[in-house]
Amino acid sequence: LNDQEQRTWRAFLDMNRLVTAAIENQLMRDADMPTAYYAILVTLSEAPDRRLRMSALADSVDGSQSRLSHAVSSLTKKGWVARERCPSDGRGWFAVLTDEGMAALEAAAPGQVECVRASEFDALTEEDQEQLLRLATTLTTHLGADAGKVVSECT
């Protein structure tokens, strides 16, 4: 990388690490919930009937099936998620957000939103936010559309 690319890359890594750590720390402190669990609860809360097939949930939260299965087991023990067998496919399972899980999500959301605002948006002007959105969307589209190509070029 040239000097500009190196500075940009390092700044991006630092920003990502610090914002992620701030959000993770806030959720653990205030809701005893890692960000991965929060992402699962949010995804289920937005799904029809607050339920998704486990494979679709894994895709939505960008996790492996085994990692998701472990997380859902933990969330089931807390009473926040239930597993239900798929009636049309005896091998498939749904993850279902329970009322207790919805209550936990609703209790965690205000602190999480405030942390996101404080760690990211309070430092940015409206113009900065528009630019960040444009850059994030460009990179996400590039990586999403060409994921296989990018991965093969990086390995």
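We count residues from 1, following the sequence as given.
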Heavy-atom distance under 4.5 Å between the side chains of [X] and [Y], does that happen here?
| X | Y | answer |
| --- | --- | --- |
| Thr125 | Gln129 | no |
| Trp93 | Arg53 | no |
| Asp59 | Gln65 | no |

Quiz item: Other hydrophobic cluster members with Leu124, side-chain heavy atoms of Ile/Leu/Val/Met/Phe/Trp/Tyr under 4.5 Å, chained?
Solution: Leu132
Exercise. Apply salt bridge (Lys or Arg N to Asp or Glu O under 4.0 Å) to Arg117 and list each qualifying residue two or more places apart in sequence or on a separate chain.
Key: none
Quiz item: What residues form a salt bridge (Lys or Arg N to Asp or Glu O under 4.0 Å) with Asp32, not counting sequence neighbours?
Solution: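 Salt bridge (Lys or Arg N to Asp or Glu O under 4.0 Å) list for Asp32, sorted by chain: Lys78.
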Nearest heavy-atom neighbours spanning [X] and [Y]:
| X | Y | result |
| --- | --- | --- |
| Ala104 | Trp80 | CB-CE2, 3.4 Å |
| Ser73 | Arg83 | OG-NH2, 2.9 Å |
| Gln112 | Ile23 | NE2-CG2, 3.9 Å |
| Leu97 | Met102 | CD2-SD, 3.5 Å |
| Ser60 | Leu52 | OG-CD1, 4.4 Å |
| Ala95 | Leu57 | CB-CD2, 3.7 Å |

Check: [Y] main-chain N/O paired with [X] side-chain donor or acceptor under 3.5 Å:
| X | Y | answer |
| --- | --- | --- |
| Thr76 | Val81 | yes |
| Glu46 | Thr43 | no |
| Asn25 | Ala21 | yes |

Quiz item: Among Leu75, Leu105, Leu41, whose side-chain contact (heavy atoms from CB on, under 4.5 Å) with Met33 holds?
Solution: Leu41
Quiz prompt | side-chain contact (heavy atoms from CB on, under 4.5 Å) assessment of Lys77 paired with Val72 | solution = CA-CA 9 Å; Lys77 288 177 188 169; Val72 168; over 6 Å; no
Per the salt bridge (charged side-chain N to carboxylate O under 4.0 Å, His left out) rule, what does the pair list look like for [range], sequence neighbours excluded?
| range | answer |
| --- | --- |
| residues 9-19 | Asp14-Arg17 |
| residues 65-76 | none |
| residues 119-131 | none |

For [X], what residues pass the side chain to side chain donor-acceptor pair (under 3.5 Å) criterion, not counting sequence neighbours?
| X | answer |
| --- | --- |
| Asp30 | Gln26 |
| Arg134 | none |
| Ser45 | none |
| Glu100 | Thr98 |

Quiz item: Would you say Val19 and Val116 are hydrophobically clustered, going by side-chain heavy atoms of ILVMFWY under 4.5 Å?
Solution: yes
Practice problem: Apply side chain to side chain contact (heavy atoms under 4.5 Å, CB included) to Arg51 and list each qualifying residue two or more places apart in sequence or on a separate chain. | Solution: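 Listed in chain order: Asp49, Glu84, Phe94, Val96.
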Exercise. Tell me, please, which residues at least two apart from Leu133 pass side chain to side chain contact (heavy atoms under 4.5 Å, CB included).
Key: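 If we apply the side chain to side chain contact (heavy atoms under 4.5 Å, CB included) test to Leu133, skipping adjacent residues, the hits are Thr137.
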Exercise. Calculate, to the nearest 0.5 Å, the distance between atoms SG and CE belonging to Cys86 and Met54 respectively.
Key: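 Interatomic distance, Cys86 SG to Met54 CE, rounded to 0.5 Å: 13.0 Å.
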